[in-house]
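This report refers to the structure that appears directly beneath it.
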Amino acid sequence: MSHGPLPDRDDQASVAAGAGPAAAIDRGLAVLNSIIVVFAAIALVAACTILSYSVLSRALFKAANYWQDEAAVFLLVGATFMTAAYVQQNRGHIGIEAFVGLLSPFANQVRLWLVDAATFLFCAFFTWKSWTLAHEAYVDGQVSNSMWSPPLAIPYSLMALGMSLLCLQILVQLALPFTGAKRP
């Protein structure tokens, strides 16, 4: 465990500088991710409020709460998946630091690129399956098994859209070293 900035994250917390397409997409994603983070924070507060209301209404008034749990889960799924690209952009994911200090800066860059490539492959498969799931839920009219019965296409679409943004973010990070764009 380290305390302080990691050598492989020192120059990657900000948006790429440059005039190439990858740098432009990175800047656009940074703006989009900032907007999404605000809405995700609102969704988290809403989920907390809904769950608190659920507990209080059930305990104090013996009120039925057939919609609160699902609404909170939908909000949490949306917030989690939609902010994945923001976390990737800031390299805020969990990483194993054992090799960072042992490798040269060039070897660390290669390591980061290879990890991003493997991550992209996994996320691309996950994205494809998420869009398939969302499409099936929409076409078949699938709903949850509760009295409220909200359409399952909502959380599946949020999951698929969030994973698509994550894949785009990873592709940009994979392309940046080859375009000459530098991170400030």
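In plain terms, the two heavy atoms of A160 and T127 that are nearest each other are O-CG2, 4.2 Å. The minimum heavy-atom distance linking T179 with A22 is given by the pair CG2-CB, 4.0 Å. Nearest heavy atoms, A153 versus A134: CB-O, 4.3 Å. Of all the heavy atoms in P151 and V143, the pair that sits closest is CA-CG1, 4.0 Å. Scanning all heavy atoms of the two residues, the minimum distance from D69 to S54 falls at OD1-OG, 4.3 Å.
Separating the OG atom in S57 from the CD atom in Q68 is a distance of 5.5 Å, to the nearest 0.5 Å. Between L168 atom CG and C123 atom SG the span is 12.0 Å, to the nearest 0.5 Å. Rounded to the nearest 0.5 angstrom, L165 CG and L161 CG are separated by 5.0 Å. Atom CE of M82 is separated from atom CE of M163 by 12.0 Å, given to the nearest 0.5 angstrom. Of the inter-residue distances, the one linking L152 atom CG with N145 atom CG reads 8.0 Å to the nearest 0.5 angstrom. F126 contributes atom CZ, which lies 10.0 Å from atom SG of C167 (distance to the nearest 0.5 angstrom).
Side-chain contact annotation: W131 with S164, donor-acceptor N/O pair under 3.5 Å present. Defined by atom type and a distance below 3.5 Å, a donor-acceptor pair is present between the side-chain atoms of Q88 and Q173.
Within the 4.5 Å cutoff, the side chain of T83 has heavy atoms near those of the I36 side chain. Side-chain atoms of V110 and L114, non-hydrogen and from C-beta on, do get closer than 4.5 Å to each other. In this structure the side chain of V172 reaches within 4.5 angstrom of the side chain of L29, judged on heavy atoms. For the pair Y156 and Q142, the minimum side-chain heavy-atom distance is below 4.5 Å. Between L174 and W113 there is a side-chain heavy-atom pair separated by less than 4.5 Å. Side-chain contact check for M159 versus L133: some heavy-atom pair is nearer than 4.5 Å. Here the side chains of V87 and L166 are not in contact, with every heavy-atom distance at 4.5 Å or above. Put simply, the side chain of V31 does not reach to within 4.5 Å of the side chain of R27, judged on heavy atoms.
Residue F74 places its CZ atom among more than 12 non-hydrogen atoms of other residues, nucleotides or ligands, all under 6.0 Å distant. The number of heavy-atom neighbours closer than 6.0 Å to CG of D140, taken from other residues, nucleotides and ligands shown, is above 12.
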Task: From CA spacing to verdict: side-chain contact (heavy atoms from CB on, under 4.5 Å), L75, L44 - done: CA-CA 7 Å; L75 289 167; L44 290 176; over 6 Å; no
TODO: Determine, step by step, whether W67 and I50 satisfy the side-chain contact (heavy atoms from CB on, under 4.5 Å) criterion, reporting the C-alpha distance in whole Å, the side-chain angles of both residues, the deciding distance to 0.1 Å, and the verdict.
DONE: CA-CA 9 Å; W67 63 272; I50 289 169; 4.0 Å; yes
TODO: Just do the side-chain contact (heavy atoms from CB on, under 4.5 Å) check on L51 and V55 with the steps written out, would you?
DONE: CA-CA 6 Å; L51 289 175; V55 170; 5.7 Å; no
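Salt bridge D116/R91: present, at least one basic N to carboxylate O contact under 4.0 Å.
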